[in-house]
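Numbers restart at 1 for each chain; the letters A, B, ... are given by sequence-line order, proteins then strands.
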2 protein chains.
Amino acid sequence: MGANESDAIEPGVDAPRFVPLYRQIKALITRGLRDGTWLPGGAIPSEMELAARFNVSQGTVRKAIEELAAENLLVRRQGRGTFVATHDEPRTQFRFLRLRPDDGVEQGFVNRILECRRARAPVDIARSLALRSGEAVILIRRLLSLGETPTVLDEIWLPGRRFRGLTTERLAARGGPLYGMFEREFGTRMIGANERLKAVAAGREVARALQVAEGAPLLQVERVSFTYDNVPVEVRKGHYVTETHHYATEVG
Amino acid sequence: MGANESDAIEPGVDAPRFVPLYRQIKALITRGLRDGTWLPGGAIPSEMELAARFNVSQGTVRKAIEELAAENLLVRRQGRGTFVATHDEPRTQFRFLRLRPDDGVEQGFVNRILECRRARAPVDIARSLALRSGEAVILIRRLLSLGETPTVLDEIWLPGRRFRGLTTERLAARGGPLYGMFEREFGTRMIGANERLKAVAAGREVARALQVAEGAPLLQVERVSFTYDNVPVEVRKGHYVTETHHYATEVG
DNA sequence: GAGTGGTCTAGACCACTGA
DNA sequence: CAGTGGTCTAGACCACTCG
């Protein structure tokens, strides 16, 4: 007998002996998403059509799509179709910026780009992005303000290859959320991220940028974001002022 | 045909015009969990038996169970059965205490009860617990340490009715996680919680208890936990030392 | 009314566990 | 080997959207 010809799932450390059909279908759909066959905001083919195309039953396609919808890669809308999730929706943005006003009255952030330049990856960034130390990266520094109040100072590291051509001008030209622009202009869609939070005392530089006293308590947020197949594509080091805001999350 | 006899779903503000069968089955199973018909760690009846009991197909029961498993109320184990989730498992504890060592080397916390007494609910606690201001509550103060290093100072508020008879002695007698004891001894299982995080400067009392300098940055964590049907049953105000640890979470 | 996703059923067979 | 959950199929019908 030949070797296992499944190329849908990479073997990993513990090669599973059995891969259900719907997982293979899921991998095929994921590939279409990654490749840009179907674009963010657009519809994918109907269940019936995918079932015919892959030569499986509708129920099998459905199970694959249900998992992708649970992972926020797809959005199902009864009567209309199944759509590729996009960052150009307020709901999605809320999921990625967890800072909320204590009094519940939402206000929009104003985004100011302080800097955007090419650099060589320091060791820690390189490790997080699965690059070699010294490889080309892009560094963005930006400030989010509420009205006149600086609130979030971010330092964003991106792999140079994937974001070639990203400049301050392009960032300034495009308002709106960064992740929306990344998926439109660079074909890189952020799927999720891991965050590590600490309370720290404001250093001199950060304190000045955020207009707080040196030594003031700040929420430090380190994020590693990934795209399809858990490939890391962004490191973000943020400092949040939590005087009138809090970081909201759910556990359980 | 008679009127719709479903008493499984409460109408809510927007009474849904259509409630699928599997949701009604889900509500019936949830009731059994809430009532203690099936206890944490124990098995619920098999899919076939539930299908027969409720007079629906196995597939419908399966869909109800799948949702409950996705919400971490049930745990499915192929070949063995479906079990009621319990806090007496390390996996579950990790989900509720998000503090992790920076270097990845896990260490167990030592739990010391500083105080446990009856009190009257302040306004904010009362509101969070859906009590009237001044109603009986239990206040626990406790310290989690890593070796000799105090790391987490918690102030825990519980509704007096539900936790009648909870004393320092009972807390001390039972080691292990609080939530495990709550579900065993008081029949109240914590399902999930919302947390609000801020960076704050240590006040005098807190600084002394955590052996840090007054004004040192601390991670303040305010938690409201709920049991079945989203009923709030605990308010927790914590201060975390994040010198060598971080709060880990996922976004997306 | 045509087309989409959503529900429900019935049955066959597979993967896994434990006695 | 019996019993459990897991997969896959096929078909019927329902709820919803939109032209």
### Message
Does anything in residues 90-99 of chain A form a side-chain hydrogen bond (donor to acceptor under 3.5 Å, both in side chains)? List the pairs, not counting sequence neighbours.
### Response
E89(A)-R91(A)

Can you name the salt bridge (charged side-chain N to carboxylate O under 4.0 Å, His left out) partners of [X], sequence neighbours left out?
{"X": "E222(A)", "result": "none"}
{"X": "R184(B)", "result": "D88(B)"}
{"X": "K237(B)", "result": "D124(B)"}

### S46(B): partners by side-chain contact (heavy atoms from CB on, under 4.5 Å), with sequence neighbours left out
M48(B), E49(B)

### Message
Does the protein touch nucleotides 3-11 of chain D at the base, only the backbone, or not at all? Give it as B, S and - per nucleotide, heavy atoms under 4.0 Å.
### Response
BBBBBSB--

